[in-house]
Amino acid sequence: MKKVLFAVAATGFAASAFAQSNVTIYGSLDAGVAYINNLGGGSVTRLDQGTMQPDRIGFRGSEDLGGNLKANFQLETGFYTDTGAQPTAGKLFNRYSTVGLSGDFGAVVMGHMPDIVFEYVGKLSNGYQLTNWYLFHPGNLDSLANTYQSDNAVRYTTPTWSGFQASAMYGFGEVAGDSGNGRNISTGATYTNGPLRAAFAYSKLNNRAAGYAGAFLSSVGLGTAATVFNSLTTTAGGIGYTIGNVRLNTDYTQVKIALPSGQTPKQKNFDLGAAWRYATADTLNVGYSLSKLEGARWNTVSLSNVHALSKRTELYAQVAYQRAGGDAKFAVMNGTGAGGATGVSGGSGQMVTTLGMHHSF
C-alpha cells in the first residue's frame with residue numbers, strides 16, 4: 001500500500017491548532033485462464049478476472065481532529081482486469097463511497113457501502129476464506145460476495161469491548177410517501193478471541209433488483225434478471241478458528257425471498273472449509289458447500305493451492321465442481337456467467353478450473 005502523509009496547519013481563530021491527515025491508496029488485480037466444462041451446454045476457455053479477490057482500487061483516509069476524534073473517508077471502485085470495464089455502469093465508486101467520524105464512542109459512516117452480512121459473516125465464508133469467487137452461493141442472494149451495496153446508508157459500529165463488536169445500518173429508500181420502498185436494514189455482531197472468530201448478522205433489503213441472481217432464479221422457474229424482489233431477509237452466522245498452520249471456517253445463511261408473484265421460497269446455505277499452510281509459501285484450500293432452495297439442492301466441492309511469490313503477489317491453481325440434485329435440473333455456479341455472474345450449465349454438473357495470478361498494492 002502507498003501512504004501519502006499531509007501536515008495541515010490551521011490558522012486564524014485557532015492560531016496554534018494542527019491536524020495530521022493520511023491517505024492510503026490500495027488495490028487488487030487478479031486474472032487467470034479458466035476452463036468451464038459446461039456453460040449452457042458447451043465448454044469454454046477464457047480469461048477470468050477477480051477469482052481470488054475482486055479487482056478494485058480505493059482511497060482510504062483519516063484526519064486527526066484531536067481528543068481521539070477522527071474524520072474518515074473511503075472511496076473504492078471495482079473493475080475487470082481482463083477488459084478494464086466497470087461492473088456497474090454509471091457508478092464511479094461502486095463498492096464504497098463513505099464519510100464519517102470515529103472516536104471513543106465507536107464510528108459513524110454515511111454513504112454507499114455493503115451491508116453487515118457481508119462485512120461480518122461474508123468474511124467467514126468459503127468464497128472469502130478459501131479465496132475462490134466460484135464458491136459463493138448460487139445467485140449470491142445472501143450478499144456474501146458483496147455484489148450489491150446499499151445506497152443512502154448510515155452505519156454505527158461500537159468500540160471493541162473484550163473482543164466483542166456490534167454494528168447497525170439503515171439505508172434510506174428515499175421514496176416520497178413510502179419510506180419502506182428501497183429501504184435496507186442490517187445489523188450484526190462479531191467476537192474475536194485469539195484464534196477464534198465468530199459472527200452473526202441479519203439484513204432485510206426491500207425492492208432489490210435480482211441482478212446477478214437472475215440466471216439462478218430462471219434455472220428454477222422463480223424469476224428473471226428483470227425481477228425486483230419485494231424483499232430479501234437474510235439471517236447468517238459463521239465461525240473461524242486457527243490451529244497452528246490450519247485455518248477452519250464454517251457459516252450458515254438463510255434467505256427468505258418475497259417475490260412479486262406472492263411466493264416466499266427460502267434459500268439455505270452451509271459452508272465448511274479448511275486452509276493448510278503446509279510450506280512457507282504454499283497454502284492448500286479444501287471446501288464443501290450445500291445450498292438448498294425448497295426441493296432443489298446444489299453440492300459444491302473445491303480444491304486449490306496458492307503459492308506466494310511475495311507478500312503481495314501470488315500464483316494459484318483452483319478447481320471447483322458443483323452437482324445439482326433434487327428438484328434442481330441445472331448446476332448454477334457463482335461466477336461462471338458473464339462478468340462474474342451466476343452461470344447456468346446445460347445439465348446437473350459444472351466444473352471450473354483456473355490457473356492465475358493475484359497482485360495487491
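Sequential numbering from 1 along the given sequence is applied to the chain's residues.
The backbone N or O of M333 lies less than 3.5 Å from no partner atom in the side chain of T342, so there is not a single donor-acceptor pair. Checked by atom type and distance alone, the side chain of T250 pairs as donor or acceptor with a backbone atom of D271 at under 3.5 Å. With Q129 contributing its side chain and G240 its backbone, the two residues share no donor-acceptor pair below 3.5 Å. Between the side chain of T227 and the backbone N or O of T224, at least one donor-acceptor pair lies under 3.5 Å. A distance-only check finds a donor-acceptor pair linking the side chain of E294 to the backbone of K266 [under 3.5 Å]. Remark: the backbone N or O of L92 is paired with a side-chain donor or acceptor of T77 at under 3.5 angstrom. Using modelled atom types, one side-chain atom of N38 and one backbone atom of G41 make a donor-acceptor pair closer than 3.5 Å. Q149 contributes a side-chain N or O that, together with a main-chain N or O of N146, makes up a donor-acceptor pair within less than 3.5 Å. Although no hydrogens or angles enter the test, the distance criterion places no donor-acceptor pair under 3.5 Å between the side chain of N334 and the main chain of G139. A donor-acceptor pair under 3.5 Å is formed between the side chain of N140 and the backbone N or O of A145.
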Go through the steps for L135 and L130 under the test side-chain contact (heavy atoms from CB on, under 4.5 Å), then give the verdict. CA-CA 8 Å; L135 305 185; L130 307 185; 4.1 Å; yes
Query raised in the report: For L101 and L65, what are the C-alpha separation, side-chain angles and deciding distance, and is it a side-chain contact (heavy atoms from CB on, under 4.5 Å)?
Result: CA-CA 10 Å; L101 292 172; L65 302 174; 3.9 Å; yes
Test side-chain contact (heavy atoms from CB on, under 4.5 Å) on I257 and L293; report intermediate values, then the result. CA-CA 10 Å; I257 309 163; L293 182 63; 4.1 Å; yes
Next item on the list: Decide side-chain contact (heavy atoms from CB on, under 4.5 Å) for F136 and D142; before the verdict, give the C-alpha distance in whole Å, the side-chain angles of both, and the deciding distance to 0.1 Å.
Entry: CA-CA 9 Å; F136 289 111; D142 54 16; over 6 Å; no
**Study point:** Derivation and outcome, side chain to side chain donor-acceptor pair (under 3.5 Å), residues S203 and S186
**Key:** CA-CA 4 Å; S203 71; S186 64; over 6 Å; no
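Placement of I185 and F200 in two distinct hydrophobic clusters is found when ILVMFWY residues are connected by side-chain heavy-atom separations under 4.5 Å, directly or transitively. At a threshold of 4.5 Å between side-chain heavy atoms, the hydrophobic network of Ile, Leu, Val, Met, Phe, Trp and Tyr places L69 and M110 in one connected group. Criterion: ILVMFWY side-chain heavy atoms under 4.5 Å apart, direct or through other members. Under it, V352 and V319 are not part of a common hydrophobic cluster. Under the 4.5 Å side-chain contact rule for hydrophobic residues, V246 and L196 share a cluster. The hydrophobic cluster containing L259 also contains V332, counting ILVMFWY residues as joined when their side-chain heavy atoms lie under 4.5 angstrom apart, directly or transitively.
Using modelled atom types and a 3.5 Å distance limit, the side chains of N249 and S125 yield no donor-acceptor pair. Side-chain contact, S289 with H137: no donor N or O sits under 3.5 Å from an acceptor N or O. For the 3.5 Å distance criterion, the side chains of N206 and S231 fail to qualify, holding no donor opposite an acceptor. S150 and N184 form a side-chain donor-acceptor contact under 3.5 Å, judged by distance and modelled atom types alone. Judged purely by distance below 3.5 Å, without hydrogens or angles, the side chains of N269 and S291 pair a donor atom with an acceptor atom. Side-chain contact, N37 with Y35: no donor N or O sits under 3.5 Å from an acceptor N or O. Residues N132 and N126 have side chains that never bring a donor and an acceptor to within less than 3.5 angstrom of each other. Between the side chains of Y134 and D48, at least one donor N or O lies within less than 3.5 Å of an accepting N or O.
To the nearest 0.5 Å, the span separating CG on L29 from CG on D82 amounts to 11.5 Å. The structure places CE of M113 at 6.0 Å from CE of M169, a figure rounded to the nearest 0.5 Å. Atom NZ of K204 sits about 11.5 Å away from atom OG1 of T235, to the nearest 0.5 Å. One finds the CZ atom of F93 at 9.0 Å from the CD1 atom of I57 (value rounded to the nearest 0.5 Å). Going from atom CG of L315 over to atom CE of M357 covers 6.5 Å, rounded to the nearest 0.5 Å. Considering CG of N152 and CZ of R183, their distance stands at 13.5 Å, rounded to 0.5 Å.
In this structure, S28 and F79 approach most closely via the heavy-atom pair O-CZ, 3.9 Å. When every heavy atom of W133 is checked against every heavy atom of G335, the shortest pair comes out as NE1-CA, 3.3 Å. Across every non-hydrogen atom of N94 and H112, the tightest pair is O-NE2, 2.6 Å. The two residues F164 and A189 have their closest heavy-atom pair at CE1-CB, 3.7 Å. The two residues S360 and H358 have their closest heavy-atom pair at CB-CE1, 4.0 Å. Scanning all heavy atoms of the two residues, the minimum distance from S162 to Y191 falls at O-CE1, 3.4 Å.
Aromatic ring centres of Y170 and F172 lie closer together than 6.0 Å.
Side-chain contact check for Y96 versus P114: some heavy-atom pair is nearer than 4.5 Å. When side chains are defined from C-beta on, N230 counts as touching P260, because their heavy atoms get closer than 4.5 Å. At a threshold of 4.5 Å between non-hydrogen side-chain atoms, the residues R56 and R95 count as touching. With a 4.5 Å cut-off on side-chain heavy atoms, I36 and R46 count as touching. Put simply, the side chain of L124 does not reach to within 4.5 Å of the side chain of L144, judged on heavy atoms. Contact annotation: the side chain of N72 never approaches that of V99 to less than 4.5 Å [non-hydrogen atoms, C-beta and beyond]. Side-chain contact check for P159 versus F105: every heavy-atom pair is 4.5 Å or farther apart. Using a 4.5 Å heavy-atom cutoff, the side chains of R323 and Q350 are not in contact.
For Y128, the OH atom counts as loosely surrounded, since its 6.0 Å shell holds 12 or fewer non-hydrogen atoms of other residues, nucleotides or ligands.
Applying the ring-ring contact (aromatic ring centres under 6.0 Å, His included) definition to pairs two or more places apart or across chains, those involving residues 213-267 are F216-W298. Among residue pairs with one or both ends in residues 275-286, those qualifying as side-chain hydrogen bond (donor to acceptor under 3.5 Å, both in side chains) are Y278-N305, D282-N305, D282-H307, N285-S304; sequence neighbours excluded.
Ion pairing between K91 and D151 holds under the 4.0 Å rule for side-chain N and carboxylate O.
In this structure, R60 is positioned above the aromatic face of Y26, its NZ or CZ under 6.0 Å from the six-membered ring centre and within 45° of the axis.
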